[in-house]
2 protein chains.
Amino acid sequence: MNSGSHHDKAVQLIKECGASATAARVQVLQLLLATNTTASHQALMQAATNEAQPLDKVTLYRVLDWLVVRGLAHSVTGQDRVRRFGVAHVHHGHAHFECDACGRLFCLADCPSTQPRTPPGFEARHIDVTVHGRCAECLQASA
Amino acid sequence: MNSGSHHDKAVQLIKECGASATAARVQVLQLLLATNTTASHQALMQAATNEAQPLDKVTLYRVLDWLVVRGLAHSVTGQDRVRRFGVAHVHHGHAHFECDACGRLFCLADCPSTQPRTPPGFEARHIDVTVHGRCAECLQASA
DNA sequence: GCCCGAATGCAACTTGGTTGCATTCGGGCC
DNA sequence: GGCCCGAATGCAACCAAGTTGCATTCGGGC
């Protein structure tokens, strides 16, 4: 994991929003860039602590909110009621894979999903597709 | 709302599981039958209280769990981290509509959605489609 | 009527998340 | 360089959803 380049990338992305790249923002975005799935608040706290850069849970919540509002991150709520965050890529028909065993969420390549009919009077904004099952890791672990 | 028939229907459904139709179970299932969308734990508590049949929150959680396990109800977690429950119908490709304004979940008729490719080593069990937008009520309210 | 397991109710607790407020940071201005 | 002001941070207290442990009650079989 090339954390140096993630650091630079993070700073760049934040600067592009016209905001100052504070330590907390850079750190969180860097952690998100370093994961290829999505990370829960808890996991991010842990990761920050492991890097000897512990950050306040409130700051983390606020930074995550900020990143989501700015469109740099996106959040998804799993069946376990836990929100998970990932870096945002431009995506349409964005699908997720949720592992029923470990609860982690993975982003899937875009999929050509047809929109179901909505009842009359309802306005559809976007459609969210989640595939449930077991991730490779959990499958191996249980084998 | 014909609550008498809902009561009988509830008793019947529970009996069909070979379980005793206790007051709490009948009441909760009856409430679920009476709603055509889904109801949160909180809404059910409120409804029970309104009917002068208040029930303990723990009992409600346990009854809901029981109903889900027995296949009489199903639960869905919304973006607001709140689980909502509805009566279960047999459905494949079952889609939901989640109102971004009021957070309520509606069941949509089955939809012919194509399953996205999963990464190698992943096992897909089922696919969950949720349409986001505004429900008729919230649209009217904001107009 | 008695017994036993299942169902219920209460209280205490855990977890994910929020709010309020005081402090610190950092960048523009003199 | 020093000052000022708003934004960002950190702490503590709080809240809501959900869970756990345990004592009590219900209800059906004997």
Side-chain angles (χ1 to χ4, degrees), chain A residues 10-11 13-15 17-31 38-49 51-70 72-85 98 102-105, chain B residues 10-11 13-15 17-31 38-49 52-70 72-85 102-105:
Chain A
V11 172
L13 285 169
I14 294 167
K15 287 267 172 73
C17 286
S20 60
T22 66
R25 282 176 192 167
V26 174
Q27 196 192 352
V28 174
L29 188 48
Q30 201 178 331
L31 287 169
T38 51
S40 63
H41 174 269
Q42 204 193 87
L44 290 168
M45 280 285 275
Q46 194 54 56
T49 307
E51 292 189 356
Q53 295 273 355
L55 39 82
D56 190 73
K57 67 168 185 161
V58 178
T59 303
L60 178 48
Y61 279 120
R62 291 201 269 235
V63 167
L64 287 170
D65 276 353
W66 186 89
L67 290 172
V68 170
V69 167
R70 293 307 170 106
L72 290 177
H74 65 132
S75 86
V76 207
T77 307
Q79 294 284 32
D80 54 3
R81 270 184 339 118
V82 175
R83 270 197 314 211
R84 282 150 208 276
F85 300 83
E98 178 169 357
C102 64
R104 282 192 301 167
L105 285 156
Chain B
V11 173
L13 285 169
I14 294 167
K15 287 267 171 71
C17 285
S20 59
T22 66
R25 283 177 192 167
V26 174
Q27 197 191 352
V28 174
L29 189 48
Q30 200 177 332
L31 288 169
T38 52
S40 62
H41 174 268
Q42 201 194 85
L44 290 169
M45 280 284 277
Q46 193 55 55
T49 307
Q53 296 273 355
L55 38 84
D56 189 73
K57 67 169 184 159
V58 178
T59 303
L60 178 48
Y61 278 120
R62 290 202 268 237
V63 167
L64 287 170
D65 276 353
W66 185 87
L67 290 172
V68 170
V69 167
R70 294 307 171 106
L72 291 176
H74 65 133
S75 84
V76 206
T77 307
Q79 292 284 33
D80 53 4
R81 278 186 329 123
V82 175
R83 270 198 312 214
R84 282 151 208 274
F85 300 83
C102 64
R104 282 192 302 168
L105 285 156

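Within every chain, numbering begins at 1; the chains are lettered A, B, ... in the order of the sequence lines, protein sequences first and strands thereafter.
Between the CG atom of A/Asp65 and the P atom of C/dG17 there is a distance of 10 Å, given to the nearest Å. When rounded to the nearest whole Å, the span between CD of B/Gln79 and C1' of C/dG16 equals 15 Å.
Remark: A/Glu98 CD to A/Thr77 OG1 distance equals 9.5 Å, nearest 0.5 Å. To the nearest 0.5 Å, the span separating CG on A/Leu60 from CG on A/Leu67 amounts to 9.5 Å.
Side-chain atoms of B/Leu64 and B/Ser75, non-hydrogen and from C-beta on, never get closer than 4.5 Å to each other. In this structure, the side chains of A/His41 and A/Met45 come closer than 4.5 Å at one or more pairs of heavy atoms.
Annotation: of the two residues near DNA chain C, B/Ala23 and B/Lys57, the 5′-most nearest-nucleotide partner is B/Ala23. Toward the 5' end of DNA chain C, the nearer of the two residues B/Val58 and A/Arg81, judged by each one's closest nucleotide, is B/Val58.
Stretches of at least 3 consecutive Watson-Crick or G-U wobble pairs, with each checked distance under 3.5 Å, appear in DNA chain D as C:1-30 with D:1-30.
Put simply, A/Arg83 has a side-chain N or O that comes within less than 4.0 Å of OP1 or OP2 on C/dT18. Taking side-chain N and O atoms only, A/Gln42 has no distance below 4.0 Å to OP1 or OP2 of C/dT15.
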Full working for side chain to side chain contact (heavy atoms under 4.5 Å, CB included) between A/Val63 and A/Leu55: CA-CA 11 Å; A/Val63 167; A/Leu55 39 82; over 6 Å; no
Any chance you could lay out the side chain to side chain contact (heavy atoms under 4.5 Å, CB included) test for B/Leu29 and B/Trp66, step after step, and finish with the verdict? CA-CA 11 Å; B/Leu29 189 48; B/Trp66 185 87; over 6 Å; no
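Checking side-chain atoms of A/Gln53 against main-chain N and O of A/Gln27 turns up no donor-acceptor pair under 3.5 Å. Between the side chain of B/Arg83 and the main chain of A/Arg81, no donor-acceptor pair closer than 3.5 Å is present.
A nucleotide of DNA chain D counts as in contact with chain A when one of its atoms lies under 4.0 Å from a heavy atom; the first and last such, 5' to 3', are D/dA8 to D/dG18.
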